2 protein chains.
Amino acid sequence: MAERTRTSKQRDRILEVLRQTGSHPTAKWLYDRVRRQFPNLSLGTVYRNLAILQRQGLVVKLGFGSGFERYEAKILPHHHFVCERCGSVADLKLALDRSVMQKLRQTTGLRTTRYEIRLFGICKRCSGTE
Amino acid sequence: MAERTRTSKQRDRILEVLRQTGSHPTAKWLYDRVRRQFPNLSLGTVYRNLAILQRQGLVVKLGFGSGFERYEAKILPHHHFVCERCGSVADLKLALDRSVMQKLRQTTGLRTTRYEIRLFGICKRCSGTE
DNA sequence: GTTCATGCAAATCGTTTGCACAATG
DNA sequence: CATTGTGCAAACGATTTGCATGAAC
């Protein structure tokens, strides 16, 4: 019943490439890259291995990862708390010093239009469940 | 050639619902909700109007909004800068005081496993282009 | 009346899955 | 040998798009 995991040259290479690149590639990018060593590699294998690597805590999927987009009306800038178990998203009203945000912008030196702080964790409802 | 936009009861209602709800709904959720007033509403219309509202700056799409997932190997915690024009994602090394992050966690009172600060703006490469 | 928005259905595209075979332990 | 991983192709689900009709101006 316990999950067994064997080694696989493809998976090793996927992780290696992901560690070397400074970018945040998509599955397709990884597929094209790793295919140089494994010409018969299939996209399905890339997805399957990415899932395994995530379960092992070696890889993170950016974004909400729920498969579909979420929208909100632009009102006041605010932040989000994302539950890693049920995927729910809650608004956060964080009282951050203005100075901190100013510092953020200065540090980056980039033209920043907006920012968002995203906290990930287990929401209260899911907390009671486990 | 200039883009004309007419009013539409459906679009008004979509925005209204989005403004009233505290959640971060998916297109499907909005569709089900707005259909109460417009039984013949189609999902395509919802997507089309969400796109228009985004162009008008009234609505924001959460996530990277590029349509596909992005992955990264889990190394040290860090943050991201997302270019709103070309969609590129860059790592940010922000020197944030530990105290600030502690404050963040305390404020929320939630069990937080990780956090990520995401800045949105126009990257240097795109900046030179316009 | 001209043009944009809608509804419907088909098409698209990223991701997942079933199956037969190859590789791991 | 028992079981997991792979490649291939089909399936799936969210989003997009073409087209004929209806609404806005």
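Computed over heavy atoms, backbone and side chain alike; hydrogens, waters and symmetry mates excluded. Here the structure is a predicted model, which is why all the values come from computation and not from measurement.
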**Q** Name every residue in residues 10-17 of chain B that has at least one heavy atom under 4.0 Å from any atom of DNA chain C, in order of residue number, or write none if there are no such residues.
**A** B/Q10, B/R11

**Q** Does some side-chain heavy atom of B/T5 sit less than 4.5 Å from a side-chain heavy atom of B/Q56?
**A** yes

**Q** Does any part of the side chain of B/L15, heavy atoms only, come nearer than 4.5 Å to the side chain of B/R11, both counted from C-beta?
**A**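 Heavy-atom side-chain distance check fails, nothing below 4.5 Å.
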
**Q** Figure out the CG/C1' separation between B/L43 and C/dT12, and round it to whole Å.
**A** 15 Å

**Q** Which distance, rounded to the nearest 0.5 Å, do you find between the CG of B/L50 and the NZ of B/K61?
**A**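 Between atom CG of B/L50 and atom NZ of B/K61 there are 8.5 Å.
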
**Q** Would you compute the distance between atom CZ of B/R35 and atom CZ of B/R13 and round it to the nearest 0.5 angstrom?
**A**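 Nearest 0.5 Å value for the CZ-CZ distance: 14.5 Å.
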
**Q** Quick one: pull up OH in B/Y31 and OG1 in B/T26 and give me the separation to the nearest 0.5 Å.
**A**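 The OH atom of B/Y31 sits 12.5 Å away from the OG1 atom of B/T26.
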
**Q** To the nearest angstrom, how far is B/L50 atom CG from C/dT6 atom C1'?
**A**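 After rounding, the gap between these two atoms is 15 Å.
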
**Q** Starting at CD1 of B/I52 and ending at C1' of C/dA5, how long is that distance when rounded to a whole Å?
**A**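 My rounded result for the distance is 8 Å.
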
**Q** Is the shortest side-chain heavy-atom distance between B/R19 and B/L58 below 4.5 Å?
**A** yes

**Q** Tell me the interatomic distance from B/L41, atom CG, to C/dA5, atom P, rounded to whole angstroms.
**A** 15 Å

**Q** Between D/dA14 atom P and B/D32 atom CG, what is the distance in whole Å?
**A** 11 Å

**Q** Return no unless some side-chain N or O of B/T45 is found under 4.0 Å from OP1 or OP2 of C/dG7.
**A** yes

**Q** Can you tell me how far the CD atom of B/Q10 sits from the CG atom of B/D12, to the nearest 0.5 Å?
**A**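 One gets 9.0 Å once the value is rounded to the nearest 0.5 Å.
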
**Q** Protein within reach of the bases, or only the backbone? For nucleotides 19-25 of chain C, mark each nucleotide 5' to 3' as B, S or -, using heavy atoms under 4.0 Å.
**A** ----BBS

**Q** Does the side chain to side chain contact (heavy atoms under 4.5 Å, CB included) test come out yes or no for B/V46 and B/V34, once each step is laid out?
**A** CA-CA 9 Å; B/V46 173; B/V34 175; 5.8 Å; no

**Q** If I take atom CZ in residue A/F38 and atom C1' in nucleotide D/dG5, what distance separates them, rounded to the nearest angstrom?
**A** 12 Å

**Q** How many angstroms lie between atom CD of B/Q37 and atom NZ of B/K9, to the nearest 0.5 angstrom?
**A**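 That separation rounds to 13.0 Å.
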
**Q** Starting at atom NZ of B/K61, determine the distance to atom C1' of D/dT16, rounded to an integer number of angstrom.
**A** 11 Å

**Q** Need to verify one output field. Residue with the more 5' nearest nucleotide on DNA chain D, A/N40 or B/G44?
**A** A/N40

**Q** Output the rounded distance in Å from CH2 (A/W29) to C1' (C/dG14).
**A**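 For the pair A/W29 CH2 and C/dG14 C1', the rounded distance is 18 Å.
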
